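The structure appears right after this line, and notes come after that.
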Amino acid sequence: MKSNGSCRICNGTLIETFDFGRQPLSDSFPADDTVAGEFFFRLAVGICTDCTMVQLTEEVPRERMFHEDYPYHSSGSVRMQQHFVDTAKQLVNEDLADSDGLFVEIGSNDGVLLKTIKSAGVRHLGIEPSVGVAELSRAAGCRVWTEFFDEELAERIVKSEGKATVVFSANTICHIPYLTSVLNGMRTLLEPGGVFVFEDPYFGDIIEKRSFDQIYDEHYFLFTARSVQEAASRHGLELVNVEPQAVHGGEVRYSLSLQGTRAVSPSVDEMLETEKAHGLGELDTLQTLGRGIDEICGALVKLLSNLKKDGRKVVAYGATAKSATLLNYAGIDRELIHSVYDSTPAKIGRLMPGTHIPIVDSAGFRDSDADIALLLAWNHAEEITSMEREFRQRGGKWVVYQPEVNFL
Ligand code: SAH
Ligand code: TYD
Ligand code: ZN
């Protein structure tokens, strides 16, 4: 345990609790001829003893992660498509109803949510720095600026488009180390009575499910209601609602508004109480997770080694960003896993970051001779195992690794 400087939010003492060592970028899949130039950084997580924000202790420059070839496409999961269509409709019918207000989305990716907002005839603007995915959303007719959102951009949006009635963001705010600039920007961008709604992986779920692989370069912050409330209040914003979401292994949707402009829902105090009861703001909780990480990785390596000794063919399913943490920390490479099946065109034919396991098209999974499949995309377990039901029917077995290593 060591103190590693100060908290990004409050300048308080940041205590580092777990060091994953040298890790590659999680969403960077090298080709055979680019392996030599792979970028590595030290992945470590800690907690602020003052405001309780859980955060990485080292930062990767944003342009290294989000660029023209950013391979994550939000529309890759049918379930997530539905989640965002439902979310867009709810926003249109509630916060955007009876207004010709502006809708801004931060991290709009391939337009998975923005398309529905656009179809409803709402004035909208997406902010998406990764050119490749931004182009896909423009092709679907959405208005998108290829920029990083921060304080300065908020001012430019207001000058050009006016203030926003709703700002939405999914799986993006936790990616932004300069959160203080984002929150300052929000104060500029929101109209009085407007709302900033964002959802990200919830630290409470990470602790409960021991889903430590949610810790990787892009997930700079692991939020709780308590840490979000504190960060918001430092920037003239107020946490007015919280709503758990059953996606990506457990998220929370937070609503912030300008201080004193909206009623605070009882859900906020309820979640704060639960977090206190579960010790989410305590150093101890993160240290216990650390011991769990070593236990899980040890058990998984043992299982995979035994399966290999028994002559079973082991593959993995889902070239997820989060699996970079698991595979690289546990030292699981081509010796233990033959290949990783995935449906993303930009990943097929490439190699897994750091471990260099080849990625192959998931269309070939049902005809493969694999005996065992490690489910790296565990957050899509239902969607994947039902789509690939023949695998089980012919005797194949799925392996999961949290809260502990097990056959599914
Ligand atoms: N909202 C989508 C995409 C999440 S991936 C979903 O939930 O599926 C995160 C996205 O945020 C990427 O497309 C990345 O390019 C974008 N991003 C990263 N930093 C950003 C910033 N400062 N402002 C706006 N978008 C950002
Ligand atoms: P995901 O778990 O959404 O996120 P992250 O990369 O942030 O950890 O990634 C899911 C991966 O699994 C993505 O590469 C697409 C792949 N996938 C399939 O190959 N088939 C499927 O049916 C689904 C749902 C996902
Ligand atoms: Zn702090």
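Just so you know, residue 1 is the first one in the sequence shown, and it goes up from there. This one's a predicted model, so the numbers in the text were calculated from it and none came from an experiment. Hydrogens, waters and symmetry mates play no part in the numbers below; they use all other heavy atoms, side chains included.
- Considering only residues two or more places apart in sequence or on other chains, Ser362 meets the side chain to side chain donor-acceptor pair (under 3.5 Å) condition with none of them.
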Side chains of residues 372-383: which donor-acceptor partners sit under 3.5 Å, not counting sequence neighbours?
from   : atom 1 : to     : atom 2 : distance (Å)
Trp378 : NE1    : Asp213 : OD2    : 2.9
Trp378 : NE1    : Tyr401 : OH     : 3.4
Asn379 : OD1    : Lys322 : NZ     : 3.2
Asn379 : ND2    : His248 : ND1    : 3.1
Glu383 : OE1    : Ser77  : OG     : 3.0
Glu383 : OE1    : Arg79  : N      : 3.3
Glu383 : OE2    : Val78  : N      : 2.9

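- Trp145 meets the ring-ring contact (aromatic ring centres under 6.0 Å, His included) test with no other residue; sequence neighbours excluded.
- Tyr220 is linked by a side chain to side chain donor-acceptor pair (under 3.5 Å) to nothing, counting only residues two or more places apart in sequence or in another chain.
- Under the salt bridge (Lys or Arg N to Asp or Glu O under 4.0 Å) criterion, no residue pair touches residues 65-74, with sequence neighbours excluded.
- Qualifying ring-ring contact (aromatic ring centres under 6.0 Å, His included) partners for Phe196, counting only residues two or more places apart in sequence or in other chains: Phe198.
- Within the structure, salt bridge (Lys or Arg N to Asp or Glu O under 4.0 Å) contacts touching residues 26-35 (residues at least two apart or in different chains) do not occur.
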Criterion side-chain hydrogen bond (donor to acceptor under 3.5 Å, both in side chains) on Asp19 and Tyr329, from CA distance to verdict: CA-CA 10 Å; Asp19 183 357; Tyr329 181 67; over 6 Å; no
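- Because its NZ or CZ atom is both nearer than 6.0 Å to the ring centre of Phe148 and within 45° of the ring axis, Arg62 counts as a cation-pi partner of that residue.
- Around atom CD of Glu335, no more than 12 heavy atoms belonging to other residues, nucleotides or ligands sit under 6.0 Å away.
- Residue pairs satisfying the salt bridge (Lys or Arg N to Asp or Glu O under 4.0 Å) criterion with at least one member in residues 140-160, sequence neighbours excluded, are listed as follows: Arg143-Glu161, Glu147-Arg156, Glu152-Arg156.
- His338 NE2: 12 or fewer foreign heavy atoms inside a 6.0 Å radius.
- Partners of Asp205 under the side chain to side chain donor-acceptor pair (under 3.5 Å) rule, at least two apart in sequence or in another chain, are Lys209.
- Every residue meeting the side chain to side chain donor-acceptor pair (under 3.5 Å) condition with Glu199, not counting sequence neighbours, appears here in chain and number order: His83, Arg253.
- Phe84 is linked by a ring-ring contact (aromatic ring centres under 6.0 Å, His included) to nothing, counting only residues two or more places apart in sequence or in another chain.
- Sorted by first and then second residue, the pairs that involve residues 123-142 and meet salt bridge (Lys or Arg N to Asp or Glu O under 4.0 Å), not counting sequence neighbours, are Glu135-Arg138.
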